[in-house]
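Below is one structure; the comments refer to it alone.
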Amino acid sequence: MSSRPWKPPWTVKLSAGWLAASAAAAIAAPSHWIWALGAAAANQLMLATIGMYPRSHLLGPNLTRLGGNSAATTEGGRVALTFDDGPDPEVTPAVLDLLAERHAKASFFCIGKKAEEHPHLVREIARQGHLVENHTYHHSPLFAFSGLARLGREIDRNQEVIETLTARPPVYFRPPAGIRSPLLEPVLARRGLHLATWSRRGFDTADRDAHRVSRRLLTGLSADSILLLHDGNAARTRSQRPIVLEVLPRVLDALEERGLRAVALPHPHVLPIPGGIPDGQVPLTEKEAPEP
C-alpha cells in the first residue's frame, strides 16, 4: 500500500518548540542548565502520558469509532468486533465457530510470530471472510519506547507474514496494549497504515468474571463502536475456560437484541480518516473480500 500524508499534530509541534526553547535557554544561560533539563524532562513526561491513553487522538489520527460517514447511516447500526493477540490454537477456532453461527464478522489483530507458528489459523480467519490486521511481530511491551528503525522492523515483518498468508496486506495497525509514542504515526503514514484502537474494552486478559467483562463492553454500547476482545492471552474462568468464549455469546446476543450488526473494520476509504484511500482506488483483494 502506498504512503499517506503525515502532518504533525499540534502536540508534537508544541513539544518540538518546547525542546528548542529549553535548549536555547541552556545555551543562553549555562548556569541555569538544570532548569532547562527539567523543562525537557517535563515535555517528555507529557508525551509519554498522552501515549499511555490508547483512545487519545493527540498524537495523530486514531480510529476509535466507525461513525462520521454516509455508509454508517445507510447500512444500519454496526459494531466492529476486534480480537487481539492471536492466533491461538485453542481459542481462535472456537471464536470463529461462534462468529460463524451468528453470521458475524470481525477483525483479528494478529501477532506475527504467532501467525508464523499457526499459519493455518490465519488462513482460516481470512477464508471465513474476517480481516487480519497488524499487531506487531513480537508484541513487545517495550514497543512504544522503540526508535524509528525498530518500530518499522516490527511492523514490516508482520506485514510480510500476514500478506504472505492471506494475499492481503493489513491496512490497520494496533500497538501492544494500545500504548504508543509520537514516533509511531509517521512510521504508519509512510507505510499507508492506519491506527485503530477501540471504543470499549472488557479487560478480558485480566478479569476472570464473564459478567464484569460483558458489562464493560455492553453498558452504554451504541452503534459505530469498536469493541476489543482477545483470542490470544485470554484470561480463564474459574473452570479454566477462556473468558472470551463466555463473553462473546453474550455480546452477540446483546447486539442482536439491540438491532446492531457485528462487522469487521471497514476499509479506510469509507471512513473519515485523514489520508484514507479515495473511492475507486481500493485494492483488488479488498473488492473481492466478503462483505463484513
Next on the checklist: Using side-chain heavy atoms (C-beta onward) and a distance below 4.5 Å, is W198 in contact with T64?
Outcome noted: no

Checklist entry - Would R201 and L229 satisfy side-chain contact (heavy atoms from CB on, under 4.5 Å), going step by step from the backbone distance to the final call? => result CA-CA 7 Å; R201 65 184 302 180; L229 296 126; over 6 Å; no

Checklist entry - Can you tell me if S225 uses its side chain to pair, donor with acceptor, with the backbone of L221 under 3.5 Å? => result no

Item to check | Non-hydrogen side-chain atoms of V263 and V79 separated by less than 4.5 Å | outcome: no

Checklist entry - What's the verdict on side-chain hydrogen bond (donor to acceptor under 3.5 Å, both in side chains) for D231 and T92, showing C-alpha distance, side-chain angles and the deciding distance? => result CA-CA 6 Å; D231 61 325; T92 304; 2.7 Å; yes

Checklist entry - Ignoring hydrogens and geometry, is there a side-chain-to-backbone donor-acceptor pair from N158 to P170 under 3.5 Å? => result no

Checklist entry - To the nearest 0.5 Å, what is the distance between CG (D253) and CZ (R258)? => result 11.0 Å

Checklist entry - Minimum heavy-atom separation for A106 to A264, with atom names? => result O-CB, 3.5 Å

Item to check | Any donor-acceptor N/O pair, R168 side chain to V132 backbone, under 3.5 Å | outcome: yes

Checklist entry - Going through the distances and angles, do E160 and D156 end up as a side-chain contact (heavy atoms from CB on, under 4.5 Å)? => result CA-CA 6 Å; E160 181 179 354; D156 290 342; over 6 Å; no

Next on the checklist: Are L228 and V244 connected into the same hydrophobic cluster when the rule is that any two of I, L, V, M, F, W, Y join if their side-chain heavy atoms are below 4.5 Å apart?
Outcome noted: no

Checklist outcome for this item: Heavy atoms of V161 and G112 approach each other most closely as CG1-O, 4.0 Å

Checklist entry - With hydrophobic residues grouped by side-chain heavy-atom distances under 4.5 Å, do L195 and L151 end up in a single group? => result yes

Next on the checklist: Is the shortest side-chain heavy-atom distance between P93 and L121 below 4.5 Å?
Outcome noted: yes

Checklist entry - Between L165 and A115, which heavy-atom pair has the shortest distance, and what is it? => result CD1-O, 3.8 Å

Checklist outcome for this item: To the nearest 0.5 Å, atom CD1 of I111 lies from atom CG of D84 at 8.0 Å

Checklist entry - Same cluster or not: are I243 and V91 linked, directly or through other Ile, Leu, Val, Met, Phe, Trp or Tyr residues, by side-chain heavy atoms under 4.5 angstrom apart? => result yes

Item to check | Pair N62, T197: side-chain N/O donor-acceptor within cut-off below 3.5 Å | outcome: yes

Checklist entry - Quick one: do K114 and E117 make a salt bridge, cutoff under 4.0 Å? => result no

Next on the checklist: Once rounded to the nearest 0.5 Å, what's the spacing between atom OG1 of T82 and atom CG of L131?
Outcome noted: 11.5 Å

Checklist entry - Under the side-chain hydrogen bond (donor to acceptor under 3.5 Å, both in side chains) criterion, do R65 and S222 qualify, and how do the steps go? => result CA-CA 10 Å; R65 298 189 67 84; S222 60; 2.8 Å; yes

Checklist entry - Can you check side-chain contact (heavy atoms from CB on, under 4.5 Å) on L63 and H194, steps first, answer last? => result CA-CA 8 Å; L63 184 66; H194 298 267; over 6 Å; no

Next on the checklist: With a 3.5 Å distance limit and no angle check, can you tell me whether T237 reaches the backbone of R241 through a side-chain donor-acceptor pair?
Outcome noted: yes

Item to check | L245 and V95: CA distance, side-chain angles, deciding distance, side-chain contact (heavy atoms from CB on, under 4.5 Å) verdict | outcome: CA-CA 7 Å; L245 302 184; V95 167; 3.8 Å; yes

Next on the checklist: Nearest 0.5 Å, please: how far is CZ in R212 from CZ in F203?
Outcome noted: 12.5 Å

Checklist entry - So, R216 and D204, do they make that salt bridge, N to O below 4.0 Å? => result no

Next on the checklist: Using only atom types and a distance under 3.5 Å, with no angle test, would you say the side chain of S3 pairs donor to acceptor with the backbone of A189?
Outcome noted: no

Checklist entry - Taking the side chain as C-beta and beyond, is there a heavy-atom pair between H138 and R157 under 4.5 Å? => result yes

Item to check | R191 (side chain) donor-acceptor with V187 (main chain) under 3.5 angstrom | outcome: yes

Checklist outcome for this item: CD (E101) and CG (D97) are apart, to the nearest 0.5 Å, by 6.5 Å

Checklist entry - Any chain of hydrophobic side-chain contacts (each under 4.5 Å) joining I226 to L248? => result no

Next on the checklist: Hydrogens and angles aside, do E124 and Q128 bring a side-chain donor and acceptor to less than 3.5 Å of each other?
Outcome noted: yes

Checklist outcome for this item: Note: A80 and L66 closest approach over all heavy atoms is CB-CD1, 3.8 Å

Next on the checklist: Between H139 and D85, is there a side-chain donor-acceptor contact under 3.5 Å, judged purely by atom types and distance?
Outcome noted: yes

Checklist entry - With a 4.5 Å limit on heavy-atom distance, are the side chains of S56 and R180 in contact? => result yes

Next on the checklist: I'd like to know if the side chain of R200 reaches the main chain of L217, judged simply by a donor and an acceptor atom lying under 3.5 Å from each other, with no hydrogens or angles considered.
Outcome noted: yes

Checklist entry - Centroid-to-centroid, Y137 to F173, below 6.0 Å? => result no

Item to check | Pi-cation contact, Y172 with R174 (under 6.0 Å, within 45°) | outcome: no

Checklist outcome for this item: CD of Q159 to CD of E133, rounded to nearest 0.5 Å, is 8.5 Å

Checklist entry - Is the backbone N or O of I155 less than 3.5 Å from a side-chain atom of N134, with the two atoms forming a donor-acceptor pair by type? => result yes

Checklist entry - Is it true that F109 and L227 fall in one hydrophobic cluster, defined by side-chain heavy atoms closer than 4.5 Å? => result no

Checklist entry - So do the side chains of R4 and L188 get within less than 4.5 Å of each other, counting heavy atoms only? => result yes

Checklist outcome for this item: All heavy atoms of D209 vs all of D207, minimum pair found to be N-OD1, 2.9 Å

Item to check | Test item: F145 and L183 side chains (from C-beta on) under 4.5 Å apart, heavy atoms | outcome: no

Item to check | Min side-chain heavy-atom separation H230-F83 under 4.5 Å | outcome: no

Next on the checklist: Using every non-hydrogen atom in the two residues, find where L255 and A262 come nearest and quote the distance to one decimal.
Outcome noted: CD1-CB, 3.9 Å

